[in-house]
Amino acid sequence: MDLELLYPDGKVISHPAGVTGADVAASIGPRLAAAAVAVALDDQLLDLGRPLPAGGRFRVITAQSDEGRHILRHSAAHILAQAVLSLFPGAQFGMGPAIEDGFYYDFDIGRPFTPEDLAAIETRMHEIVAADQPFERVEVSQAEARALFADQTLKLEIIDSVDAAEVGIDQADGPWGTVYRNLEFIDLCRGPHVPATGKLFAFKLLRSAGAYWRGDEKRQQLQRIYGTAWESPKAMADHLHRLEEAERRDHRKLGAELDLYSFPRELGPGLAVWHPRGGMLRKVAEDHSRRMHERYGFEFVYSPHLARELLWEISGHLDYYADNMFPRLEVDEDEFYRVKPMNCPFHILIYRSRARSYRELPLRYSELGSVYRQERSGVLHGLLRVRGLTQDDSHTFCRPDQLADELAMHLEFVTKWLSDFGFAEFEADLSTRPEKSVGPIDRWEEAERALEATLKNVGLSYRIAEGEGAFYGPKIDIHVRDAIGRRWQCSTIQVDFNNPERFGLSYVSTENEPVVPYMIHCAKAGSLDRFLAVVIEHHAGAFPGWLAPVQVEVLPVAERHLDYAETVRDALKEQGLRVEVDYSNDTLGEKIRRSLTQKRPFLAVVGDKDVEANTVGMRRYGEDKDRRGVPLSEAMSEIIESCRPPEV
RNA sequence: GCCGGAGUAGCUCAGUGGCAGAGCAGCUCACUCGUAAUGAGCAGGUCAGGGGUUCAACUCCCCUCUCCGGCUCCA
């Protein structure tokens, strides 16, 4: 019986039973057939050589698509394992999936891999690719699978842990699963794969690192090899170039180059000091934060860095978070204090300082609060993960009937804040109740519904992050995409019905009854330190005018132009701009080079002609050309316009 | 915390058992310059810290610290 295939262009074409994906691709065109790595039938991916089981919506998957690259990388992982098994007799192998931009495979060869090992493995992989070994799909029963991997304990564990129904290729009494074979190498795998190893035009092993078996730090550590694979050498070169670009934007590097901050040894790991330039960047961000909070109806509060341990017992932090809190300080006998890891309990105490009426809600408290968290040593990473950080934290206390409006307002605030710093693409995660949580499940569900409704109303795209919520309540996390497409978590909006309860908060309702208020935790930047690191990487250190620590640098051509340079500086300063004069006696070329490497938004060169005509030579960062003899007033209005902070 | 790699001048790096090096930055002097590095000179070191092997250690071995890449974690 013939199969009816619906092509992407809407045509329906009949093919004889037993036709393979490769046959169909070839019938469409030889170039398509050559580019194909697999086919999709009703969006289910199938090997090219596999007879199509039925008719349906049909697509050819080429290596130039995300699905195609995924298949390519997955096949590359097999080739990697094949190479390792052939070079290291007795090697155990675990799992080897395709990941974003590449693939990895976990092994146990009784020792770590050396860089020389990686080079040898890569050479072996090239041999396997050159041999163009076909990938063969074989259906096996669970017992057959066990026999095939009899000496592979990791594979046996996978085989025994996978429920037949879950694999579900042909569920009922059919085979249990599939393996893929190319020559002597066999791996347990669902597929699909490229038809033969020769399809791997471009791949490269990048590094090896320890990785816990099945992601569990209590289990043995395997050695993971990471690689990248692409549809063409050009695509791979582009990817490697992107990696270099990311390195160029590294905020740790730029922080030193632009003299923004440092991490002195004497302070201890994960603790930064902000230098004057970085300090200005921070001040500008903080000023903006304060103006925004004011505009959205927040009030400013302040709290100390320490509190009695009792506070953290009430809040539950000691039960749920003690591992990441700095150890107690013994201040007096039996008198213990803790450095604060969060600001919320303080704000709660401010709410509780007197009786509250339903009329005064919502109450919105905001604080740029510095907190200290004893992050594990291995996770520290520049400003992105530190032990001392400042949050633009806020806590809103409201009535249940106000929750929806408040959440909408917070979300609006957050997206405005992020766009002000130059981010255009947002994605939200709705994180639901984690395994270890406090509070009744129906309250959790109610809060989760409220958050989801807010996201729907605003029309922000989101995904559900099951079990990722805070221990006290569910949350929305907002992620941004930066200039080179990386995803960063910044803002967070969390509903909390536990802490108000724990601290015995209430307000007096219209019926003169005490009612427990709802609480919303919100950080717009998250950690300001981390956020600014993301901003630095996003802009590659070339800040938009309003954020730049120095907005204009005035460069005198020679010393006799210094007086005029100062006149220009003072005129610009008068307008509230951040201006500096270069007093060095370097050549103009050197002054310009230095200003450009410092990524100043504007340079103003002043020489004889400018002194005479009251003009400047303007140069804008990113423009290669200079404009000579620009009247000072004209230059000034252009700079003011370009350095204007966002409206609040 | 775990696995691996690294740590030499402020920065980037050379130095594989036998006198501690370069470029940039800094300082001094000269030059006074019109859009990405003017020239000369000077100064700068507990070779991350501690222990060991050796006639001799930046170099080899052990421990600690810090950083880098991952894993795990991130209220």
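Just so you know, these numbers come straight off a predicted model, no measurement behind them.
- Where A:G473 and A:G607 meet RNA chain B, the nucleotide closest to each residue was compared, and A:G607 sits on the side nearer the 5' end.
- In this model, no donor atom of one side chain and acceptor atom of the other lie less than 3.5 Å apart for A:T492 and A:H521.
- Rounded to whole Å, the C1' atom of B:G1 lies 30 Å from the corresponding atom of B:U8.
- Taking atom CZ of residue A:R219 and atom P of nucleotide B:C73, one finds them 14 Å apart after rounding to whole Å.
- Only the C1' atoms considered, B:U64 is 14 Å distant from B:G7, to the nearest whole Å.
- In this entry the distance linking CD of A:E590 with C1' of B:G39 reads 13 Å, nearest Å.
- With a 3.5 Å ceiling on both atom-pair distances, the Watson-Crick or G-U wobble partner of B:C67 is B:G5.
- A:E245 is linked by a side-chain hydrogen bond (donor to acceptor under 3.5 Å, both in side chains) to A:R248, A:R249, counting only residues two or more places apart in sequence or in another chain.
- Within residues 487-500 of chain A, the residues approaching RNA chain B are A:Q494, by heavy-atom distance under 4.0 Å.
- A salt bridge is absent between A:E634 and A:R627; no separation between the charged side-chain nitrogens and carboxylate oxygens falls under 4.0 Å.
- The base-pairing partner of B:U32, taking Watson-Crick or G-U wobble contacts with both distances under 3.5 Å, does not exist among the strands shown.
- Here A:R481 pairs with A:E427 under the side-chain hydrogen bond (donor to acceptor under 3.5 Å, both in side chains) rule; sequence neighbours left out.
- Using P as the reference atom, B:C60 and B:A14 are 15 Å apart when rounded to the nearest Å.
- Checking A:H317, A:M342, A:Q374 one by one against A:M325, the side-chain contact (heavy atoms from CB on, under 4.5 Å) holds for a single residue, A:H317.
- Less than 4.0 Å separates RNA chain B from at least one heavy atom of each of the following residues of residues 104-120 of chain A: A:P112.
- A:E257 comes within contact range of no nucleotide atom at all, as no heavy-atom separation falls under 4.0 Å.
- A:D582 places its CG atom 15 Å from the P atom of B:A37, with the value rounded to the nearest Å.
- If you find the closest nucleotide of RNA chain B to A:F471 and to A:D586, the one lying nearer the 5' end belongs to A:D586.
- Judged by atom type and distance alone, A:D610 reaches the base of B:G34 through a side-chain donor-acceptor pair under 3.5 Å.
- Pair check for B:C74 finds none; no Watson-Crick or G-U wobble contact set falls under 3.5 Å.
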Check: Going 5' to 3' along nucleotides 61-71 of chain B, which nucleotides have protein heavy atoms under 4.0 Å from the base (write B), which only from the sugar-phosphate (write S), and which from neither (write -)?
Finding: -----SSSBBB
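- Under the Watson-Crick and G-U wobble criteria, each requiring two contacts below 3.5 Å, nucleotide B:U59 is left unpaired.
- A salt bridge between A:R252 and A:D250 is present, with a side-chain N of the basic residue lying under 4.0 Å from a carboxylate O of the acidic one.
- B:G4 and B:G21 are spaced 30 Å apart, taking the C1' atom of each and rounding to whole Å.
- Using C1' as the reference atom, B:G44 and B:A30 are 23 Å apart when rounded to the nearest Å.
- A donor-acceptor contact under 3.5 Å is formed by the side chain of A:R376 with the base of B:U72.
- The pair A:R560-A:D608 meets the salt-bridge criterion, with a side-chain N (NZ, NE, NH1 or NH2) lying under 4.0 Å from an Asp/Glu carboxylate O.
- Distance NE2 (A:H317) to P (B:C74): 14 Å, rounded to an integer number of Å.
- Across all strands shown, the partner of B:G10 is B:C24, judged by Watson-Crick or G-U wobble contacts whose two distances both fall under 3.5 Å.
- Salt-bridge formation is not detected for the pair A:R593/A:D586: no Lys NZ or Arg NE/NH1/NH2 atom is positioned less than 4.0 Å from an Asp or Glu carboxylate oxygen.
- Heavy-atom contacts from other residues, nucleotides or ligands closer than 6.0 Å to CD of A:E623 number more than 12.
- In this entry the distance linking CG of A:L555 with P of B:C33 reads 16 Å, nearest Å.
- One C1' atom belongs to B:U59, the other to B:G15, and the distance between them is 9 Å to the nearest Å.
- Nucleic acid contact for A:K609: base, since at least one base atom lies under 4.0 Å from a heavy atom of the residue.
- A cation-pi contact, defined as under 6.0 Å to the ring centre and within 45° of the axis, links A:K155 to A:F93.
- Pairing partner, B:G17: none, since no Watson-Crick or wobble contact has both distances short of 3.5 Å.
- Under the 3.5 Å distance criterion, the side-chain polar atoms of A:K524 are matched with a main-chain donor or acceptor of A:C522.
- Look at A:D582 and A:R600 and you find no salt bridge, because none of the NZ, NE, NH1 or NH2 atoms lies under 4.0 Å from a carboxylate O.
- Few gaps surround CD on A:E257; more than 12 heavy atoms of other groups in view lie less than 6.0 Å from it.
- Atom CZ in A:R627 sits about 16 Å away from atom C1' in B:G34, given to the nearest Å.
- Between A:E309 and A:L318, the shortest heavy-atom distance links the atoms CG-CD1, 3.5 Å.
- Taking 4.0 angstrom as the limit, A:R385 places none of its side-chain polar atoms (N or O) nearer than this to OP1 or OP2 of B:C74.
- A salt bridge links A:E638 with A:R620; the closest basic N to acidic carboxylate O contact falls under 4.0 Å.
- Ring geometry for A:H251 against A:Y261 counts as tilted: the plane angle lies between 30° and 60°, on a 0 to 90° scale.
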Give every pair of a protein N or O atom and an N or O atom of nucleotides 28-32 of chain B that lie under 3.5 Å apart, one pair per line with the distance.
unit_1	atom_1	unit_2	atom_2	d
B:C31	N4	A:N585	ND2	2.6
B:U32	O2	A:E559	N	3.1
B:U32	N3	A:E559	OE2	3.1
B:U32	O4	A:E559	OE2	2.8

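- Comparing B:A43 with B:C3, their C1' atoms are spaced 44 Å from each other, to the whole Å.
- If you check every strand for non-hydrogen atoms under 4.0 Å, A:P341 touches a base.
- Residue contacts shown for A:G617 include a base, since a base heavy atom lies under 4.0 Å away.
- One can place CD1 of A:I592 at 6 Å from P of B:A36, the figure rounded to the nearest angstrom.
- Separation of the P atoms belonging to B:A25 and B:U12 is 15 Å when rounded to the nearest angstrom.
- Contact annotation for A:D216: no contact, since no heavy-atom pair falls under 4.0 Å across all strands.
- Both the sub-6.0 Å distance and the 45° axial angle are not jointly satisfied by A:R73 relative to the ring of A:F103.
- Here B:C24 presents its P atom at 21 Å from CG of A:D259, a figure rounded to the nearest Å.
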